[in-house]
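Reading through the structure tokens given below for one structure.
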Protein chains: 2
Amino acid sequence: MSSIRDVSSLAGVSVATVSRALRNPQQVAEPTRTRVLEAVEALDYRPNQMARNFRSRQAFAIVVLAPDIGNPFFARVVRGIEQVAQRGGYAVLLGDTQGSAAREAEYLNLVRSRQADGVIQLSARIDPVALGKLWSAGSAPAIVNACECADTDFCPRVRIDNVAAARAMSEHLIGLGHRRIGVVTGPAASPLTRDRLAGHIGAMQAAGLAHKPALTIEGDFSLQSGFDAAESLLHAANRPTAVFCFNDEMAIGAIRRFKAAGLSTPADISVAGFDDIDFARFADPPLTTIAQPMEVLGRTAMGVLLDILGGRRSSSETHVLPTNLMVRESTASPAA
Amino acid sequence: MSSIRDVSSLAGVSVATVSRALRNPQQVAEPTRTRVLEAVEALDYRPNQMARNFRSRQAFAIVVLAPDIGNPFFARVVRGIEQVAQRGGYAVLLGDTQGSAAREAEYLNLVRSRQADGVIQLSARIDPVALGKLWSAGSAPAIVNACECADTDFCPRVRIDNVAAARAMSEHLIGLGHRRIGVVTGPAASPLTRDRLAGHIGAMQAAGLAHKPALTIEGDFSLQSGFDAAESLLHAANRPTAVFCFNDEMAIGAIRRFKAAGLSTPADISVAGFDDIDFARFADPPLTTIAQPMEVLGRTAMGVLLDILGGRRSSSETHVLPTNLMVRESTASPAA
DNA sequence: CTGAAAGCGCTTACAG
DNA sequence: CTGAAAGCGCTTACAG
């Protein structure tokens, strides 16, 4: 592979001139520039990006820490991230942590060792302040926390209003006439669970209804955990007439389990989800859910990171993106 | 951030010794090594990987070209790739091409510009031979083609036997008593479509049945396209009693459409999928499908790439991984 | 507008 | 076992 040196000798100029002709064309005289470009063409020369990055102390890569890329929600957020990263000239290193702290640490080493310039963290698992230590004193930590956000304003955050979105869904259910509403949450430690639960409880209280802890089952956002949670609910002393699942997979799993028990949705039991992944629309019945702007979440997060990386921003604002209650066919008034 | 120079002065040795103490500890005397390690500790020194990579002309990163990371099938293959990449010390750059040739080219530039050492191509869209040109004459192109494979043995391939798997599914359907079987394929240009169709037609002919082109609809592997294909099938002169969809999403979309038309699966019409993504098991009814070893496909592909990168292999063998016919509840004998 | 030179942070023959 | 030196392929002040 030819190097800048080969081009410079073929064109009869110094390597500095070649470098300039490529990076700041207006700095070199037209005839010289042409000569250089011809040599580049003739040799099929490509600047060695590794050398360039090394020189400029930038990796032009970011790592995204995702709990599970197999989850369609995260897959779409990552897609959004990638779109703007590519436009901005950054590569995205995939850090699928699968809940392993060791893998997470491994990925964070990519920034410690200067292989990545920044990180988008799609979970609140790591303390952003600890994360910030990865950057040397002088420079602003290039971190953005998206989707599942920590309770700090140490770094910019991009998220939805989980409390309000969950409240909207519960109000929908209550409006339909439901009084006993089951809930299938995410992991207890997740801020997502806490916020959505707060929204739900708020709606219940505002309607003068009691929130029943016995009808609140902890899931892990998987289809199977929704299935299992439904089973618990089936055995509850006073079975709920509606179940609010904190993501679509769990809702789909729950509907499946209810059906196996002879309960049809929504005639016998209403089931609602959260996220609005593609499968929600094609579920049977089509799922009532909260639509999250998945790609936009990703694009926004990457946009903010690009700003930080470009020195155009360093404050730690929070972006709250709008959600939408999608009423479809999995929820209805309870049977009389 | 401290550099190797800082460590060397603190430890009172040359930078060469620091480098050795870190990379080939047995090459330096025990007391010296200890001194170096203490200095490393004291300064919280981390070797600059970018410098190291630049020096050694290796990026320790590979790019995976995936048609769509939002597709659970690819997401899981990528997860498998990532697992072994991380163990092997490689980062994975995500190249979600979304069918755009421009984006694909953009990602391939990562290897031209030496930011990636190899590529795993999850589609047959690019001619591997053209791809191979990215490598300079002397060195072996570090490419592996997985899942959707081209008809060349230019590079190693990791795949399943699509013909046999599709034949097995069609035999299952035929065995159930179906005579008119509809097919929802992937894009016509895809080798996946061609092979699975060949398997299906082979099974039909072996059973003395005619394959009806009118009952073969082209889809694009999305839920929506399965839905739309089902609609076409509904209007067919002689409606099929079973439909073989070339992936699970399309099967789920088709079942949805049939149900909307008042046809229930499998009582009125059997529907089969392909892949066995998580949603297949939780579909309503649970989907009869072909299970592909998604993670293993990814892990194998990355293993082969690691071998090539490590100079341990260069031949272009093909790995054919086993599949499994999963008979669940979406297929049954046709109504009498 | 152009070139000579320094240097980014490492690694690795080459001596000793 | 250790050090001085060269060099990986670029970019960028600094002169001219």
Side-chain angles (χ1 to χ4, degrees), chain A residues 1-37 39-40 43-60 89 109-117 136 138-139, chain B residues 1-37 39-40 43-60 89 109-117 136 138-139:
Chain A
M1 296 228 102
S2 43
S3 78
I4 196 172
R5 173 124 267 124
D6 302 314
V7 178
S8 79
S9 29
L10 182 58
V13 299
S14 71
V15 295
T17 299
V18 176
S19 178
R20 289 190 198 101
L22 260 22
R23 305 212 71 59
N24 302 92
Q26 75 294 352
Q27 269 184 37
V28 358
E30 155 53 16
T32 317
R33 196 193 320 155
T34 306
R35 223 148 16 103
V36 171
L37 264 20
V40 164
L43 295 168
D44 191 28
Y45 167 69
R46 288 265 146 179
N48 179 329
Q49 197 62 38
M50 241 155 70
R52 196 178 255 181
N53 292 352
F54 165 54
R55 184 66 232 281
S56 59
R57 300 146 176 297
Q58 281 193 272
F60 289 106
N109 270 335
L110 290 175
V111 355
R112 292 204 69 184
S113 63
R114 254 59 67 52
Q115 283 186 104
D117 302 318
S136 48
S139 54
Chain B
M1 297 228 99
S2 44
S3 78
I4 197 171
R5 171 126 268 122
D6 302 314
V7 178
S8 79
S9 28
L10 181 59
V13 298
S14 72
V15 296
T17 300
V18 175
S19 178
R20 288 189 200 105
L22 261 22
R23 303 213 73 59
N24 301 93
Q26 74 293 352
Q27 269 184 37
V28 358
E30 155 54 18
T32 317
R33 196 194 320 153
T34 307
R35 224 150 13 107
V36 171
L37 264 19
V40 165
L43 295 168
D44 191 28
Y45 168 70
R46 288 266 146 175
N48 180 328
Q49 196 63 37
M50 241 155 68
R52 195 178 257 182
N53 292 352
F54 165 54
R55 185 65 233 281
S56 58
R57 302 144 174 295
Q58 281 193 272
F60 288 107
N109 271 334
L110 289 176
V111 354
R112 290 205 69 183
S113 64
R114 254 59 67 55
Q115 282 185 104
D117 302 318
S136 48
S139 53

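Here is how names work: the chains are called A, B, and so on, in the same order as the sequence lines, proteins then strands, and each is numbered from 1.
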Determine whether the side chains of B:Gln49 and A:Asn109 contain a donor N or O and an acceptor N or O closer than 3.5 Å. no

To the nearest angstrom, the CZ-C1' distance between A:Arg23 and D:dC10 comes to 10 Å

Note to self: Under 4.0 Å, heavy atoms only, any strand: does B:Ala29 hit a base, just the sugar-phosphate, or nothing?
What the structure shows: sugar-phosphate

B:Asn48 side-chain N/O to B:Met50 backbone N/O, donor-acceptor pair under 3.5 Å: yes

dist B:Phe60:CZ -> A:Ser113:OG (nearest 0.5 Å) comes out at 11.5 Å

B:Gln58 atom CD is separated from D:dG9 atom P, nearest whole Å, by 14 Å

(message) Do A:Arg20 and A:Gln26 make a side-chain contact, defined as non-hydrogen atoms from C-beta onward lying under 4.5 Å apart?
(response) no

5'-most contact on DNA chain D (nearest-nucleotide basis), B:Glu30 vs A:Leu22, goes to B:Glu30

field: Non-hydrogen side-chain atoms of B:Val28 and B:Arg33 separated by less than 4.5 Å
entry: yes

B:Gln26 atom CD is separated from D:dT2 atom P, nearest whole Å, by 13 Å

Contact check, residues 48-56 of chain B vs DNA chain D, heavy-atom distance under 4.0 Å, returns B:Phe54, B:Arg55

Atom CD of B:Gln27 and atom C1' of C:dA15 are separated, to the nearest Å, by 15 Å

The single option from B:Ile4, B:Thr17, B:Val40 that satisfies side-chain contact (heavy atoms from CB on, under 4.5 Å) with B:Leu22 is B:Val40

Rounded to whole Å, CG of A:Asp6 lies from P of D:dC8 at a distance of 11 Å

Separation between OG (B:Ser56) and CZ (B:Arg52), nearest 0.5 Å, reads 8.5 Å

- prompt: Is there a donor-acceptor contact under 3.5 Å from the side chain of B:Arg114 to the main chain of B:Arg112?
  reply: yes

Whole-Å distance, B:Gln115 CD to D:dC8 P, equals 20 Å

Mark yes or no for a side-chain to base donor-acceptor pair under 3.5 Å between B:Arg20 and D:dG3, with no hydrogen or angle criteria applied. yes

note: B:Ile4, atom CD1; C:dG7, atom P; distance rounded to Å ~ 18 Å

Heavy-atom closest pair (A:Val36 atom, A:Ala11 atom, distance to 0.1 Å) is CA-CB, 4.1 Å

Between C:dG9 and A:Arg114, counting only base atoms on the nucleotide and side-chain atoms on the residue, is there a donor-acceptor pair under 3.5 Å?
no

Here the distance between atom C1' of D:dG9 and atom OH of A:Tyr45, to the nearest Å, is 7 Å

Whether B:Ser14 contacts D:dG3 is assessed here as follows: a side-chain N or O lying under 4.0 Å from the phosphate OP1 or OP2. Is that the case?
yes

Does a nitrogen or oxygen in the side chain of A:Thr17 sit under 4.0 Å from OP1 or OP2 of C:dT2? no

Counting only Watson-Crick and G-U wobble pairs with both atom distances below 3.5 Å, the stems of 3 or more consecutive pairs that include DNA chain D are C:1-3 with D:14-16, C:5-12 with D:5-12, C:14-16 with D:1-3

